[in-house]
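Working notes for the structure below.
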Amino acid sequence: MTTSENLIYMDHAATTPVRPEVLNAMLPYFSDRFGNPSSIYTLAQEGRKALDDSRDTVADVLGDRMSTIVFTGGGTESDNTAIKGAAYAQRDIGNHIITSTVEHHAVLNTCQQLERSGFDVIYLPVNEHGLVDPDNVGRAIGDQTTLVSIMLANNEIGTIEPISEISRVIRDEAKRRGKTIVFHTDAVQAAGLLELDVEQLGVDMLSLSAHKFHGPKGAGVLYVKRGTPFGP
């Protein structure tokens, strides 16, 4: 069965078609440039250069260095890796996580799993517009808080959360308490639509998924700011 030529596709929030230039950029690495990028010979190093160039491109969009970019198998893996990596890396100093009730299930299910492993999670409510109140984030932070995860753009209703304001609240509370509180945002639904400068957003970790902005399925990105407590 082929896609009808008369089809009008209006579900780009769910997934997007791969753009021709993306496919063309990928094809050589499925054929003549198939080398393992961890090997040292020329064929392999062509693959390594392609990976490094890709990291550099993504880092440029996010406003940081290529060493902060981790490629994953998609948005769900990026969210899982970020939340578990930061939570377990700081478990000896705190077990409290803050998120919201409107997160994607990639975040909610991960937090629920961590609760079964002994972590304490607060699920903040939102107002009638689907917005998280930054002041509520501040009030929820306690001595055991080590991680906050709030999405940038909601995948169901399109609400854009006040990430920069939430970041300032977290930084102020962390400074007052003399501790590190990692701030992660699921930006999967924001890519290609909103600015993703991590410095302006004020986040330590950010998740993306390529299929939301005309890239292939099965490819994701996790940004991890240098110095962020993180267990691989």
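- Of all heavy-atom pairs between T81 and F230, the closest is O-CE1, 3.4 Å.
- With a 4.5 Å cut-off on side-chain heavy atoms, N80 and T76 count as touching.
- The backbone N or O of H12 sits nowhere less than 3.5 Å from a side-chain atom of T16 that would complete a donor-acceptor pair.
- In this structure a side-chain-to-backbone donor-acceptor pair under 3.5 Å is present from H104 to A106.
- No side-chain donor-acceptor contact under 3.5 Å links S39 to the backbone of G35.
- In this structure, CD1 in I83 is found 10.5 Å from OG in S78, a value given to the nearest 0.5 Å.
- Both L194 and L201 are assigned to one and the same hydrophobic cluster, defined by single-linkage of ILVMFWY side chains at heavy-atom distances under 4.5 Å.
- Counting only N and O atoms by type, the side chains of H184 and S207 include a donor and acceptor under 3.5 Å apart.
- Taking the charged nitrogens against the carboxylate oxygens, R168 and D172 have no contact shorter than 4.0 Å, which rules out a salt bridge.
- Connection of I98 to I170 is established within a shared hydrophobic cluster, with ILVMFWY side chains joined at heavy-atom distances below 4.5 Å, either directly or through further cluster members.
- Taking 4.0 Å as the cut-off between side-chain N and carboxylate O, R171 and D204 count as a salt-bridged pair.
- A donor-acceptor pair is defined here as one N or O able to donate and one able to accept, closer than 3.5 Å; no such pair exists between the side chain of Q189 and the backbone of L152.
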Contacts under 3.5 angstrom, residues 64-71 side chains, donor-acceptor by atom type, not counting sequence neighbours:
{"unit_1": "D64", "atom_1": "OD1", "unit_2": "R226", "atom_2": "NH1", "d": "2.6"}
{"unit_1": "D64", "atom_1": "OD2", "unit_2": "Y223", "atom_2": "OH", "d": "2.9"}
{"unit_1": "T68", "atom_1": "OG1", "unit_2": "R65", "atom_2": "O", "d": "2.6"}

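- Taking the six-membered ring where the residue is Trp, the centroids of Y88 and F119 are separated by under 6.0 Å.
- If you take CE on M151 and CG on D79, they are separated by 8.0 Å, rounding to the nearest 0.5 Å.
- I97 approaches A87 most closely through the heavy-atom pair CD1-CB, 4.1 Å.
- Atom CG of L196 is separated from atom CD1 of I163 by 11.0 Å, given to the nearest 0.5 angstrom.
- Here T145 contributes atom OG1 and Q90 contributes atom CD; the two are 10.5 Å apart, rounded to the nearest 0.5 Å.
- Under the 4.5 Å side-chain criterion, counting only non-hydrogen atoms from C-beta, C111 is not in contact with L108.
- Closest of all the heavy-atom pairs between A14 and K212 is O-NZ, 3.1 Å.
- For the pair N136 (side chain) and P125 (backbone), a donor-acceptor distance under 3.5 Å is absent.
- Checked by atom type and distance alone, the side chain of R177 never pairs as donor or acceptor with a backbone atom of Q144 at under 3.5 Å.
- Closest of all the heavy-atom pairs between I181 and L147 is CG2-N, 4.1 Å.
- H214 contributes a side-chain N or O that, together with a main-chain N or O of P17, makes up a donor-acceptor pair within less than 3.5 Å.
- With values rounded to the nearest 0.5 angstrom, L62 atom CG is found 11.0 Å from E195 atom CD.
- Both V126 and I160 belong to a common hydrophobic cluster when Ile, Leu, Val, Met, Phe, Trp and Tyr are linked at side-chain heavy-atom distances under 4.5 angstrom.
- For the pair E173 and R176, the salt-bridge criterion is met [side-chain N within less than 4.0 Å of a carboxylate O].
- Between F183 and I166 the shortest heavy-atom distance is CZ-CG2, 3.6 Å.
- Here the CD-CD1 distance, from E103 to I150, works out to 5.0 Å after rounding to the nearest 0.5 Å.
- Counting all heavy atoms, side chain and backbone alike, I40 lies closest to Q45 at O-CG, 3.7 Å.
- A donor-acceptor pair is defined here as one N or O able to donate and one able to accept, closer than 3.5 Å; no such pair exists between the side chain of N95 and the backbone of R91.
- In this structure, the side chain of Y29 does not engage the main chain of S31 through any donor-acceptor pair within 3.5 Å.
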